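Since the structure comes first, as structure tokens, the remarks are kept for the end.
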Amino acid sequence: MENELFNMKEIQEENKKTVRIAELTRLIKKYQDSYYNGEGEISDAEFDALWDELKTLAPNSEILKTVGADSGNFPKVRHIMPMGSQEKAANPEQFLAWAAKHIYPEYFVEFKLDGASLELQYEHGILVRAVTRGDGSIGDDITANAQKMSGVIPILRDKNGAALDFSGGVRGEVIMTHFVHKEKFAEKANCRNAANGLMKRKDGKGCENLVLIVYDALSVQGEQPFADEEEKLNWLKERGFTVVQLKVCKTPDEVISYRASVMEARKSFDYDIDGLVVKERAINYEDARRSRPDRQIAFKFSLEEAVSILREVEWSQNGGTYTPVAVFDEVELNGTRVQRASLANPDTMRALGVKIGSKVVVVKRGEIIPKIEGVVHEDGLLESEVVVPTECNVCHTKLIDEGSRLFCPNKQCDKRILHQLFKWVQVVDIRDLGETLLKALFDKRVVRSITDIYSLTVETLTPFFLNEESIASEKKSLGAEKVYNSIQAHRRMSLPVFVAGFDIEGIGETTCEKLVGAGFNTLEKLFAMTEEEAASVYGFAKTMAHIAVEGLKENESEMRSLADRVISIAISESGVFSGKSFCFTGELKTIKRAEAQKRVKELGGSCKSSVTKDLSYLVTNDTASGSSKNKKAAEWGIPVIDENEFRRLAGI
């Protein structure tokens with residue numbers, strides 16, 4: 001029965017995938033049409049998200065090999081140079097993956113202009129046609145409109161002013177400057193939409209407000225008049241064209257740094273750019289004829305990135321761990337204004353090379369907390385070194401800097417003890433023992449360890465609820481009784497909950513479940529676990545394995561004492577979910593998420609907070625959404641089920 005149900009789910013998921021592919025294809029076609037015909041309906045970032053999702057679900061889709069088509073208002077003309085779409089990198093990681101397969105002695109980096117593509121066709125140096133991008137092979141003939149634009153050269157001449165015998169194409173981008181948009185076309189959403197609309201007008205009205213910036217050329221007779229990409233731009237400049245800005249970089253990392261500096265500077269440009277085009281020096285004509293060239297890439301900017309100046313590094317304290325937090329001039333990331341970001345740990349901070357006064361790249365790619373991704377190196381900045389604390393500000397013990405973490409090693413440090421107590425109450429879910437009461441018990445030295453929590457009596461707790469007069473009159477404290485009963489009700493728990501309650505850095509309930517699932521399913525096995533064994537568990541690395549083993553060793557005495565005399569550790573029952581893991585996302589309607597997760601664990605399964613390659617099921621009532629979790633599940637072939645299917649599987 002269970003196998004039949006799983007097979008049914010696979011069929012349902014395949015059907016949903018097919019429906020989603022059809023929907024994405026329809027949307028991409030719709031937005032391509034609106035983009036190439038004057039009025040883009042969505043932002044580039046939103047369009048790219050649809051494109052990337054379709055690429056994940058159906059990498060061989062025909063629409064991924066095409067671009068939009070122009071309207072039927074103008075005569076159609078075939079291009080001299082194919083005008084296909086480019087491969088895209090949305091962030092440094094994607095660019096580095098491309099660069100690893102395209103190792104060049106130097107990288108030619110040009111601005112990616114955010115306008116409308118146009119090909120000028122010349123015969124013996126005379127402009128005869130101007131053709132829009134269209135479907136990449138055939139576009140609209142808008143010659144009359146193009147002749148009104150600034151930057152369109154009607155006759156190509158040599159250095160002596162004589163007509164040049166050149167037959168071929170020159171490719172560029174039609175743009176509108178910010179000034180013109182503000183003064184004359186402010187009602188249009190942006191410069192690109194305004195430029196698209198004007199260049200397609202039948203009467204050509206307003207085309208004199210447009211500018212053409214060029215970046216490519218191809219001769220169809222004889223030898224090419226240039227030997228490489230740099231000579232090509234120089235040749236175009238000598239003909240009188242305005243050419244795209246060029247930067248030659250020696251390494252991929254230099255390209256990334258240059259991109260960051262352009263991201264910051266583009267606010268001051270006269271026109272819009274939405275990324276960089278990265279290519280090699282050599283002109284690869286065979287690659288250029290492809291519908292999607294492989295030897296070059298569009299390294300796009302993102303709404304989730306910004307450049308700012310680092311003003312300060314604060315050290316956030318979580319228990320005994322000190323984490324560097326960057327404070328910088330406020331920037332906007334995807335509609336949210338931020339001025340703080342994580343630097344992860346001392347090693348990461350040092351590897352980035354950040355200094356006070358540095359220009360830094362701030363990113364927020366779906367994470368809740370922004371982070372610093374890189375430094376923009378620039379001469380003339382007043383920079384100073386970041387001061388790393390060397391002493392615990394509570395107990396004054398010398399901090400240990402392991403690189404991957406900076407921490408106070410004193411287990412008796414008040415800050416560490418109190419944080420562990422708060423963690424235990426939170427993980428074990430003793431709701432009636434609030435932080436204010438616990439802090440008061442700690443300050444009065446009544447509770448100084450987890451064990452002390454279970455030694456509390458109603459009599460001990462009463463003074464924290466009643467004054468001396470009430471106590472003298474033998475009044476009972478209902479609050480004290482409630483807290484006592486709540487503590488006593490939490491003497492039985494699973495092994496992952498028990499371990500997570502001890503506040504070992506990075507070892508939460510979900511992480512411990514991975515250890516239990518790998519066979520370390522008793523306290524004795526966990527205490528005997530070596531760092532090498534822990535590092536071999538999925539989701540663990542060398543650093544986390546080291547912290548786990550050291551943390552268990554540090555807390556072993558109290559763990560054993562509690563397990564022997566106070567806490568009953570429940571062994572997970574095997575069941576239909578044994579060996580399977582679930583991730584819940586979105587709103588559940590008929591059951592609370594905590595109850596659903598509890599049911600998974602009762603049936604021998606485990607719960608995850610994110611989608612990983614080893615996940616068994618993603619549970620969501622919006623199975624066709626374009627969320628990052630749904631995309632990852634589709635990419636890794638993980639079944640996505642809704643609430644009803646989960647309830648059937650769980651028998652509830």
Side-chain angles (χ1 to χ4, degrees), residues 91-93 253 256-257 260 263-264 304-333 336-378 381-411 413-416 418-420 422-423 503-508 511 540-548 550-551:
N91 54 58
E93 291 79 13
D253 285 339
I256 292 171
S257 181
M263 278 169 49
E264 181 192 24
E304 297 180 332
E305 298 174 83
V307 176
S308 186
I309 296 179
L310 182 65
R311 299 299 183 186
E312 183 184 357
V313 171
E314 297 177 349
W315 292 87
S316 172
Q317 297 173 52
N318 186 1
T321 302
Y322 288 66
T323 303
V325 176
V327 181
F328 43 83
D329 292 342
E330 188 176 73
V331 294
E332 184 169 320
L333 294 178
T336 304
R337 303 201 70 81
V338 297
Q339 59 182 148
R340 299 165 66 85
S342 172
L343 283 164
N345 55 54
D347 265 357
T348 299
M349 184 181 71
R350 294 181 186 115
L352 288 168
V354 298
K355 296 180 180 181
I356 306 302
S358 295
K359 287 189 175 180
V360 293
V361 181
V362 189
V363 302
K364 187 180 180 184
R365 305 193 202 287
E367 301 99 340
I368 296 173
I369 302 173
K371 67 177 182 178
I372 302 297
E373 186 173 73
V375 175
V376 182
H377 297 289
E378 190 174 296
L381 293 176
L382 295 176
E383 298 176 316
S384 59
E385 297 293 334
V386 175
V387 177
V388 179
T390 58
E391 181 181 282
C392 176
N393 65 355
V394 175
C395 68
H396 305 295
T397 301
K398 184 179 179 181
L399 299 179
I400 293 180
D401 187 349
E402 290 185 341
S404 59
R405 64 175 178 146
L406 178 69
F407 65 99
C408 172
N410 179 16
K411 182 167 172 53
C413 174
D414 277 4
K415 192 171 186 68
R416 286 192 60 184
L418 184 59
H419 195 273
Q420 186 183 60
F422 286 156
K423 185 73 171 182
D503 197 27
I504 301 170
E505 184 184 355
I507 311 302
T511 310
F540 276 71
K542 186 177 179 181
T543 298
M544 187 180 287
H546 170 71
I547 293 173
E550 289 297 308

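Note that this is a predicted model, so its numbers are computed, not measured. All residue numbers in this chain count up from 1 along the given sequence.
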Q. How far apart are the C-alpha atoms of V375 and V354, what are their side-chain angles, what is the distance that settles it, and do they pass the side-chain contact (heavy atoms from CB on, under 4.5 Å) test?
A. CA-CA 6 Å; V375 175; V354 298; 3.6 Å; yes
(Q) Could you walk me through whether V338 and V331 satisfy the side-chain contact (heavy atoms from CB on, under 4.5 Å) test, starting with their C-alpha distance in whole Å, then the side-chain angles of each, then the deciding distance to 0.1 Å, before giving a yes or no? (A) CA-CA 6 Å; V338 297; V331 294; 3.9 Å; yes
Q: Show the numbers, then the answer: is there a side-chain contact (heavy atoms from CB on, under 4.5 Å) between R311 and F328?
A: CA-CA 5 Å; R311 299 299 183 186; F328 43 83; 5.5 Å; no
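A distance of 10.5 Å separates SG of C408 from NZ of K415, quoted to the nearest 0.5 Å. How far CD of E505 is from OG of S404: 8.0 Å, rounded to the nearest 0.5 Å. Rounding to the nearest 0.5 Å gives a distance of 10.0 Å between CD1 of I547 and CZ of F540. One distance of note links CD of E373 with CD of E93; it measures 5.0 Å at 0.5 Å rounding. Rounding to the nearest 0.5 Å places CE of M544 at 5.5 Å from CD1 of I507. Between the CG atom in L352 and the NZ atom in K371 there is a gap of 9.5 Å [rounded to 0.5 Å].
Heavy atoms from other residues, nucleotides or ligands lying under 6.0 Å from NZ of K398 number 12 at most.
Looking at heavy atoms from C-beta onward, I309 lies in side-chain contact with D329 at the 4.5 angstrom threshold. Proximity of N410 to R416: side-chain heavy atoms (C-beta onward) are nowhere separated by under 4.5 Å. Looking at L333 and P370, their side chains come closer than 4.5 Å, going by heavy atoms from C-beta outward. For the pair L381 and K355, the minimum side-chain heavy-atom distance is 4.5 Å or more. Looking at heavy atoms from C-beta onward, S316 lies out of side-chain contact with R340 at the 4.5 angstrom threshold. Side chains of I372 and V362 form a contact here, defined as non-hydrogen atoms less than 4.5 Å apart. Considering only heavy atoms from C-beta on, M263 stays 4.5 Å or farther from V376 through its side chain. Side-chain contact between Y322 and C392: present, with at least one pair of heavy atoms (C-beta onward) separated by less than 4.5 Å.
Between W315 and L406, the closest heavy-atom pair is CZ3-CD2, 3.8 Å. Taking each heavy atom of I356 and E385 in turn, the nearest pair found is CG1-O, 4.2 Å. Between T511 and G506, the shortest heavy-atom distance links the atoms OG1-O, 3.4 Å. Minimum heavy-atom separation, G403 to N345: O-OD1, 3.5 Å. Between A344 and T323, the closest heavy-atom pair is O-CG2, 3.4 Å.
With hydrogens and angles ignored, the 3.5 Å screen pairs no side-chain donor or acceptor of S358 with any backbone N or O of L310.
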